[in-house]
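Down below is the structure, laid out as structure tokens.
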Amino acid sequence: MIIATATAATLLGLSACSSGSSSDSPGGSEAAAAVKAQATAPEGLVKAGTLTVCIDPEYAPLEYYENGTSGEIIGFDADAARALAGYWGLEFATQVTTFEGLQPGLTSKRCDIIPGGLYMSEERTAVLDGVAYMQTGPALIVGTAVQTDPAAEKDLCGLTLVGQNASENLTEAKRIAADCEKAGTKTPVQQYPKTSDTVLAVMNGKAGALIETDVAAVDIVKKSSGKLRLINGFFPPSTKFGMFANKDAAITAPLGEALKALHADGTLGKIAENYGLSTDSLNVY
């Protein structure tokens, strides 16, 4: 049965993002709201007195609208960014964009940082400054059409794989598909601009398996009403999420210092727990 996009977005806590909007966001968790100014604000901010972040709020539990498609943008990344603003004594604002628009939004100086949801890949750190904050990696989600649990990448051969545009997970899907086709099995790969679209593709049977980050995968499967299942341990946690700034930006060093301080005083841990994330996954350096 095909589920309407709006219904699925509500079900999964994933929503479309309208490019270019900006809003001041005073909300978030108590841990983020409780942070008081402790350090001088970085220089060179897009807007004086304000920390502006580029964000794609359709990625629970990292960044999403509290009402599904409206309201405050909450989640671990959003609240960690609010805590950073508080640490520097700044107001907090968002520039909402698609996932594909995050890096262009940063490089065009529409925002000061991208607060998270992006891997610390070699390709990304070659052009942006990043501060790692969470251990992560890809995870495999399959639909009901897949009767047995895949145990190795060769077990995905012949399935239609899906991933989000411009993501490392899509690159991983294409790599697996290429290996399958070298072995003689055609393995199509679909790609969509929104996480909600990739989830729908598997729920509707258009694709057999979705590669998504482990942090988001747990939430996606939990909210799928049994239509999806997570294949635990299929991929090892091979990388980290990072918060990113432009290369050699004045904010880079203060960003690293602030994240370390908020990790050391337990603020990041409290925010993680607020969204059901393990504090063991936090890895700030």
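In this text, all values refer to a predicted model and were calculated from it rather than measured experimentally.
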Whether [X] side chain and [Y] backbone form a donor-acceptor pair below 3.5 Å:
X	Y	result
Ser278	Asp280	yes
Glu66	Glu72	yes
Asp77	Gly117	yes
Thr160	Gly208	no
Asp112	Val46	yes
Thr185	Glu181	no
Asp265	Thr267	yes
Ser108	Gly105	yes
Glu58	Thr195	yes
Asn246	Lys109	no

Spacing of [atom1] belonging to [X] relative to [atom2] belonging to [Y], to within rounding of 0.5 Å:
X	Y	atom1	atom2	result
Thr252	Asp129	OG1	CG	3.5 Å
Leu118	Thr239	CG	OG1	10.5 Å
Ile251	Ile113	CD1	CD1	5.5 Å
Leu102	Thr107	CG	OG1	10.5 Å

Would [X] end up clustered with [Y] when hydrophobic side chains under 4.5 Å apart are linked, directly or stepwise?
X	Y	value
Val218	Leu140	no
Val142	Leu210	no
Ile176	Leu230	no
Val284	Ile271	yes
Val146	Ile141	no

Is the closest side-chain heavy-atom distance between [X] and [Y] below 4.5 Å?
X	Y	answer
Glu172	Phe235	yes
Ile55	Thr97	no
Leu161	Gln190	no
Asn283	Tyr133	no
Pro61	Leu277	yes
Thr98	Pro193	no
Thr213	Tyr119	yes
Val162	Gln191	no

Walk me through it: do Gln103 and Arg124 pass the test side chain to side chain contact (heavy atoms under 4.5 Å, CB included)?
CA-CA 9 Å; Gln103 188 166 321; Arg124 188 163 286 125; 3.8 Å; yes
Exercise: identify the closest heavy-atom pair between [X] and [Y]:
X	Y	answer
Glu100	Pro104	O-CD, 3.2 Å
Gly49	Leu45	N-CD1, 4.4 Å
Leu228	Gly143	CD2-CA, 4.2 Å

N-O pairing of [X] and [Y] below 4.0 Å:
X	Y	result
Arg175	Glu153	yes
Arg82	Asp79	yes
Arg229	Asp149	yes

Quick check on Glu122: does its CD atom have over 12 non-hydrogen neighbours (other residues, nucleotides or ligands) under 6.0 Å away?
no
Counting only heavy atoms not in Lys154 (residues, nucleotides, ligands), do more than 12 fall under 6.0 Å from its NZ?
no
Run the side chain to side chain contact (heavy atoms under 4.5 Å, CB included) check on Met243 and Ile114 step by step: do they pass?
CA-CA 6 Å; Met243 295 197 182; Ile114 304 170; over 6 Å; no
Parallel, tilted or perpendicular: which one describes the rings of Tyr275 and Tyr64, with boundaries at 30° and 60°?
perpendicular
Donor on one side chain, acceptor on other, Ser167 and Asn169, under 3.5 Å:
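Distance-only check fails for Ser167 and Asn169.
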Can you check side chain to side chain contact (heavy atoms under 4.5 Å, CB included) on Val131 and Phe244, steps first, answer last?
CA-CA 6 Å; Val131 178; Phe244 290 89; over 6 Å; no
Could you walk me through whether Phe234 and Asp155 pass side chain to side chain contact (heavy atoms under 4.5 Å, CB included), step by step?
CA-CA 11 Å; Phe234 190 86; Asp155 298 332; 5.6 Å; no
